[in-house]
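What follows is a short report on a single structure.
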Amino acid sequence: MTLDVATGRQSDLRRRAEQLFPGGVNSPVRAFGSVGRPPLVLSAGDGPRVRDADGAWYLDYIGAWGPAILGHGHPDVVEAVRDAACDGFALGATSPREVELGERIRDAVPSVERLRFTSSGTEAVMSALRLARGATGRDLVVKFGGGYHGHGDSMLVEAGSGLATLGMPGSAGVTQAAARDTIVLPYNDLVAVSEAFGRHGAAIAAVIVEPVAANVGVVPPAPGFLEHLGDVTAASGAVLIFDEVITGFRVARGGAQGRYGVMPDLTTLGKIIGGGMPVGAYGGRADLMRHVAPEGGVYQAGTLSGHPLTMAAGVATLDRLTPDVYERLDATGTALEAGLRAAADEAGREISINRVGSLLTVFFRPQAPVNGAEALTADRDAYARFFGGMLDEGILLPPSQFEAWFVGAAHGDAEVAETIAAARRAFAA
Ligand code: PMP
């Protein structure tokens with residue numbers, strides 16, 4: 001809490017960070033480059049707000065990029081982590097807290113019969129893809145343009161999140177072979193999916209999809225899209241993977257699969273299930289999970305997997321995500337969307353908003369995008385100006401047009417009103 005006081009103010013910390021870390025950050029989206037502002041150094045969070053190292057507070061819509069669904073530093077989560085720390089951190093064997101969190105996830109997420117914890121969403125995705133390939137004996141994986149599934153080599157093709165923000169079509173250092181094994185299709189395009197399976201069906205191990213795309217800004221699934229993915233994968237023997245790292249426990253307790261009633265074969269999770277601690281998980285059909293070592297021949301491991309502090313934070317978080325919390329999150333999202341639309345109208349700004357529950361994006365383009373390519377045509381400069389205007393009003397939005405706003409349970413009517421009042425001025429400026 002007193003790190004900033006002990007070591008200097010924000011500009012000094014920023015300068016020292018720049019010397020240490022590429023771009024001054026340990027994850028590219030934190031660099032604020034696309035919004036033309038210096039990156040914030042945040043030293044504390046409390047409920048819906050975060051404080052920078054100079055002591056200024058902001059109403060926060062980054063939400064730790066997803067995990068902070070209860071707000072920052074929820075006292076019950078802090079206490080659970082403190083208790084777990086007193087038990088000695090990682091002990092290198094299965095701990096009771098892993099079983100507790102695993103059971104909660106299995107009971108909430110419809111497709112998950114068995115699961116494995118990892119330390120990040122990236123690892124969860126890499127492991128799920130390896131499992132799909134191992135179980136099917138096939139190589140190809142279908143993903144969708146603008147979908148972000150962590151930074152495993154084969155997923156860094158037409159990816160969203162930081163790559164969309166930086167305008168990078170892919171990453172240097174990914175072999176052609178890895179990229180060749182990835183087929184990229186337009187999101188929400190049922191015909192393209194059918195055609196790809198018509199051409200390559202017997203070689204496709206898996207389709208991986210964000211069931212609500214949230215890494216090019218929010219793009220909801222078109223009616224029938226997820227069902228179609230279920231049909232074509234079932235018919236061809238491919239594995240359908242829902243990457244619910246963002247949507248899990250976010251758009252409903254049962255994730256997007258719960259909200260839309262479509263069952264994948266495997267699900268990847270992260271973020272909320274760790275309550276703000278490093279985490280990932282993959283799980284699904286028991287007959288698939290049987291292929292994972294030591295039961296089966298697909299190897300996957302992790303020294304800190306199922307870390308007790310993470311598990312404690314996850315259990316405390318999931319136990320507070322009751323039906324009334326989701327109702328409130330939806331209501332807050334609805335009010336925020338309506339207010340932002342009215343504010344933009346008033347200022348004569350042509351924007352569109354995509355929202356699913358507590359995930360939303362204000363796109364600086366007149367029509368709401370239905371896929372990654374459309375989302376990428378939004379006016380980044382207009383977003384950057386809006387971002388700057390809001391920041392000057394004390395409202396911290398994601399520092400990219402292509403990232404979702406995360407509304408949390410700590411955001412209430414007062415915070416929505418504050419945001420809309422600021423947006424009125426920022427749209428008008
Ligand atoms: N999948 C999705 C859908 C994500 O949004 C992310 C991260 N934002 C990941 C995977 C990767 O997770 P992590 O950053 O924990 O590796």
Side-chain angles (χ1 to χ4, degrees), residues 25-31 61-69 109 116-130 132 141-166 171 182 184 187 206-221 226 240-251 255-257 259 264 266-283 300 302 304-307 310 313-314 317 356 358-361 372 375 398-400 402-406:
V25 291
N26 282 299
S27 195
V29 290
R30 300 177 191 167
Y61 287 97
I62 297 178
W65 302 95
I69 193 164
V109 184
R116 215 358 120 65
F117 285 114
T118 63
S119 295
S120 68
T122 294
E123 287 172 81
V125 168
M126 286 166 49
S127 310
L129 293 175
R130 186 180 304 134
V141 170
V142 171
K143 77 179 279 290
F144 296 93
Y148 182 70
H149 304 288
H151 63 92
D153 282 359
S154 71
M155 291 292 99
L156 290 179
V157 185
E158 285 187 44
S161 191
L163 289 99
T165 301
L166 295 168
S171 170
T182 306
V184 185
Y187 193 74
V207 172
I208 184 163
V209 65
E210 290 181 72
V212 175
N215 279 293
V216 277
V218 174
V219 180
L226 300 176
L240 178 58
I241 305 171
F242 275 9
D243 183 350
E244 299 232 37
V245 166
I246 284 183
T247 53
F249 293 90
R250 165 64 63 180
V251 299
Q257 57 199 269
R259 189 166 176 124
L266 291 177
T267 299
T268 53
L269 294 162
K271 301 195 191 259
I272 289 174
I273 62 165
M277 302 286 281
V279 79
Y282 67 105
Q300 181 271 317
L304 296 176
S305 296
H307 194 282
T310 301
T317 299
V356 176
S358 58
L359 280 178
L360 71 89
T361 299
S400 166
F402 307 120
E403 300 284 358
W405 303 22
F406 292 94

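Values reported hereafter were calculated over all heavy atoms of this structure, with side chains retained and with hydrogens, waters and symmetry mates removed. Both counts, for ligands and for their atoms, begin at 1 and track the order of listing.
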Expected list for residues 267-280: side-chain donor-acceptor pairs under 3.5 angstrom, two or more places apart:
unit_1, atom_1, unit_2, atom_2, d
Thr267, OG1, Ser111, OG, 2.7
Thr267, OG1, Gln257, NE2, 3.0
Thr268, OG1, Asp243, OD1, 3.0
Lys271, NZ, Trp65, O, 2.9

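In this structure, the salt bridge (charged side-chain N to carboxylate O under 4.0 Å, His left out) partners of Arg259, at least two apart in sequence or on a different chain, are Asp330. When the side chain to side chain contact (heavy atoms under 4.5 Å, CB included) test is applied to Val184, the partners found at least two apart in sequence or on another chain are Lys143, Val157, Glu158, Thr182.
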Worksheet item: Would Thr118 and Gln300 satisfy side-chain contact (heavy atoms from CB on, under 4.5 Å), going step by step from the backbone distance to the final call?
Response: CA-CA 9 Å; Thr118 63; Gln300 181 271 317; 3.6 Å; yes
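Trp405 and Tyr61 have tilted rings, their planes meeting at an angle from 30° to 60° on a 0 to 90° scale.
Listed by chain and number, Ser120, Gly121, Thr122, Tyr148, His149, Gly150, Glu210, Asn215, Asp243, Val245, Ile246, Lys271 each place a non-hydrogen atom less than 4.0 angstrom from ligand 1.
In this structure, CD on Glu210 lies 4.5 Å from CG on Asn215, to the nearest 0.5 angstrom.
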